[in-house]
Amino acid sequence: MSEQAPHKSFSETDLKDLKERMKLIADADPNQYHNELSLKRFLRAFKTTDAAFQAILKTNKWRNEYNVASLTEDNPVVKKHMETNKARVLRHRDIVGRPVIYIPAKNHNVNDRDIDDLTKFIVYCLEEACKKCFEEVVDNLCIVFDLKEFGLSCMDYQVIKNLIWLLSRHYPERLGICLVLNAPALFSGCWGIIRGWLDENTSGKVMFINSEEELCKYLIPDILPDDI
């Protein structure tokens, strides 16, 4: 379960066609450039050359309009959420080398957040984790939701919807695995709703971890922070 499975759902012809189309665009505007691994992710996610090409153009437009480049650790919105420990990109990786985004649910309150600011912080975390990928080896991420001390005020469906949208539209094939730790019985109803928003491929990447032994299949428990 913890192995990085090779996957390919497109033809070399499709990839060649997409590379040629993107070269024309990137030659005119270098900001449009995507490397081959990125093109492959879009092809796997969107299935056809036409759909992948349109999705890449939409992502490039979104990145520019959303000003993704401004979301650095010095950005006031990012700083605020880092200080309140909403999430952290860990220094260490999981067993197969994926960067890890750790999200402690107890530090979130649906009644005390700005959804736009929080979404910007999510984008920052995704960007930082993607930068840490050794892409030739593993080009996807491990997201850990720690539900220790979880209560209904921690459950934010809109934030989850935004994360799903970002991963499916603008970070396709970047989710390698999602580990859910310390899930209380209370969360089962929430998961029933969330699972309905996920396709079969994505829901299959969500693992509920019930013991340290099980967690060790995916990552070394000691890498998880105990200070947030």
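Computed from heavy atoms alone, side chains included, the values below leave out hydrogens, waters and symmetry copies.
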One thing to verify: whether [Y] and [X] come together as a salt bridge, which I'm taking to mean a side-chain N less than 4.0 angstrom from a carboxylate O.
X: R174; Y: E135; result: yes
X: D227; Y: R88; result: yes
X: K131; Y: E128; result: yes
X: D50; Y: R21; result: yes

Item to check | Donor-acceptor contact below 3.5 Å, side chain N107 vs main chain N85 | outcome: yes
Item to check | Shared hydrophobic cluster for L141 and F145 (ILVMFWY, side-chain gaps under 4.5 Å) | outcome: yes
Item to check | Path from V159 to L167 over hydrophobic side-chain contacts below 4.5 Å | outcome: yes
Next on the checklist: Given L179, which partner from the list L219, V206, I143 fulfils the side chain to side chain contact (heavy atoms under 4.5 Å, CB included) test?
Outcome noted: L219
[atom1] of [X] to [atom2] of [Y]: how many Å apart, nearest 0.5 Å?
X: F10; Y: R41; atom1: CZ; atom2: CZ; answer: 11.0 Å
X: K86; Y: F121; atom1: NZ; atom2: CZ; answer: 9.5 Å
X: K40; Y: D139; atom1: NZ; atom2: CG; answer: 9.5 Å
X: E12; Y: D17; atom1: CD; atom2: CG; answer: 12.5 Å
X: C154; Y: I103; atom1: SG; atom2: CD1; answer: 13.0 Å
X: K106; Y: L147; atom1: NZ; atom2: CG; answer: 12.0 Å

Checklist entry - Side chains of N182 and D146: do they bring a donor and an acceptor to under 3.5 Å? => result yes
Checklist entry - Going through the checks in order, is the side-chain contact (heavy atoms from CB on, under 4.5 Å) test met by L126 and I101? => result CA-CA 8 Å; L126 290 171; I101 301 175; 4.0 Å; yes
Checklist entry - F42 and H34: aromatic ring centres closer than 6.0 Å? => result yes
Checklist entry - Parallel, tilted or perpendicular: which describes the rings of W191 and F208, with under 30° parallel and over 60° perpendicular? => result perpendicular
Checklist entry - Where do I220 and H92 land on the side-chain contact (heavy atoms from CB on, under 4.5 Å) test, with the steps shown first? => result CA-CA 9 Å; I220 298 169; H92 298 287; over 6 Å; no
Next on the checklist: Before you tell me yes or no, could you show the steps for L215 and L224 under side-chain contact (heavy atoms from CB on, under 4.5 Å), namely the whole-Å CA-CA distance, both residues' side-chain angles and the distance that decides it to 0.1 Å?
Outcome noted: CA-CA 11 Å; L215 181 59; L224 300 178; 4.0 Å; yes
Checklist entry - Given the rule in the side-chain contact (heavy atoms from CB on, under 4.5 Å) test, do K80 and D117 qualify, once you have shown the distances and angles that lead to the verdict? => result CA-CA 9 Å; K80 179 180 73 173; D117 284 355; 3.4 Å; yes
